[in-house]
Amino acid sequence: MKPRVPGFLRERAVAAVLAGRPRVEVAFAYGVSLRSLERWLALHAAGQSLDDRPRPGRPRLIGPEREENLRALVAERPTATLAELCDAWEARTGDRLGLSTMHDALERLGISRKK
């Protein structure tokens with residue numbers, strides 16, 4: 001998933017259009033679609049905030065507040081497989097994780113594993 005554009009950059013893009021720059025040029029300069037820029041302009045015209053809104057869906061099982069716990073677990077077991085890490089995580093926290101969830105969490109932290 002492509003990361004969302006922060007609110008301050010959205011405000012700058014809207015300000016550029018309001019200052020007279022062509023919409024296509026602004027969209028290209030900020031690396032966004034013309035449709036996104038038009039949506040931000042509509043929000044601005046309606047007096048709504050351009051800040052990023054919460055994304056729908058369930059929160060991550062290993063969120064930012066638990067990442068240090070995962071780093072410590074990997075440091076204790078540097079040669080463990082994903083399945084072994086999942087088992088160790090369950091023993092430590094009580095939460096059962098799937099292999100893909102563990103893989104995605106390690107990838108977000110920049111930790112590579114042996115195949």
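All figures in this text were calculated on a predicted structure; none of them were measured in a lab. What's counted below: heavy atoms across the whole structure, side chains too, no hydrogens, waters or symmetry copies.
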S.K.: Check whether I111 and L70 end up in the same hydrophobic cluster, where Ile, Leu, Val, Met, Phe, Trp and Tyr are linked by side-chain heavy atoms less than 4.5 Å apart.
M.R.: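 Cluster IDs for I111 and L70 match.
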
S.K.: With sequence neighbours left out, what residues match E107 under side-chain contact (heavy atoms from CB on, under 4.5 Å)?
M.R.: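 Only H103 meet the side-chain contact (heavy atoms from CB on, under 4.5 Å) criterion with E107.
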
S.K.: Give me the atom names and distance for the closest heavy-atom approach of R53 to R4.
M.R.: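 Nearest heavy atoms, R53 then R4: O-NH1, 3.3 Å.
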
S.K.: Return the set of residues passing side-chain hydrogen bond (donor to acceptor under 3.5 Å, both in side chains) with D104 (not counting sequence neighbours), or none when no residue passes.
M.R.: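 Residues passing side-chain hydrogen bond (donor to acceptor under 3.5 Å, both in side chains) with D104: none at all.
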
S.K.: Give me the one residue out of L61, L97, V74, T81 that meets side chain to side chain contact (heavy atoms under 4.5 Å, CB included) with M102.
M.R.: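 With M102 as partner, side chain to side chain contact (heavy atoms under 4.5 Å, CB included) holds for just one option, L97.
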
S.K.: Could you grab the distance from atom OG of S36 to atom CG of L41, nearest 0.5 Å is fine?
M.R.: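 Rounded to the nearest 0.5 Å, the OG-CG separation comes out at 11.0 Å.
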
S.K.: Could I get the full list of side-chain contact (heavy atoms from CB on, under 4.5 Å) partners for E38, not counting sequence neighbours?
M.R.: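 For E38 the side-chain contact (heavy atoms from CB on, under 4.5 Å) partners, ignoring immediate neighbours, are R23, L34, R35.
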
S.K.: Do the charged groups of R92 and D87 touch, with an N to O distance under 4.0 Å?
M.R.: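 Between D87 and R92 there is no salt bridge, as every charged N stays at least 4.0 Å from the carboxylate O atoms.
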
S.K.: So if you build clusters from Ile, Leu, Val, Met, Phe, Trp, Tyr with side-chain heavy-atom gaps below 4.5 Å, do F28 and W40 land together?
M.R.: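 F28 and W40: separate clusters.
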
S.K.: Which atom names give the shortest non-hydrogen contact between A29 and R21, and what distance separates them?
M.R.: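 Nearest pair, atom of A29 first, then R21: CB-NH2, 3.9 Å.
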
S.K.: How long is the straight-line distance from CD1 of I62 back to CG of L109, given to the nearest 0.5 Å?
M.R.: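 That separation rounds to 8.0 Å.
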
S.K.: Rounded to the nearest 0.5 Å, what separates atom CZ in R108 from atom CD in E67?
M.R.: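 If we round to the nearest 0.5 Å, R108:CZ and E67:CD are 6.5 Å apart.
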
S.K.: Quick one: list whatever passes side-chain hydrogen bond (donor to acceptor under 3.5 Å, both in side chains) with E65, sequence neighbours left out.
M.R.: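 By the side-chain hydrogen bond (donor to acceptor under 3.5 Å, both in side chains) rule, E65 matches no residue at all.
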
S.K.: Taking only residues two or more places apart in sequence, or in another chain, which ones meet T93 in a side-chain hydrogen bond (donor to acceptor under 3.5 Å, both in side chains)?
M.R.: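 Scan of T93 (side-chain hydrogen bond (donor to acceptor under 3.5 Å, both in side chains), adjacent residues dropped) gives W89.
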
S.K.: Could you pull out every donor-acceptor pair under 3.5 Å between side chains of residues 7-20 and any protein atom, sequence neighbours left out?
M.R.:
{"unit_1": "R10", "atom_1": "NE", "unit_2": "V5", "atom_2": "O", "d": "2.7"}
{"unit_1": "R10", "atom_1": "NH1", "unit_2": "L50", "atom_2": "O", "d": "3.4"}
{"unit_1": "R10", "atom_1": "NH2", "unit_2": "V5", "atom_2": "O", "d": "3.2"}

S.K.: Identify the two heavy atoms, one from L37 and one from A27, that lie closest to each other, and give their separation to 0.1 Å.
M.R.: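 That closest heavy-atom pairing would be CD2-N, 4.0 Å.
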
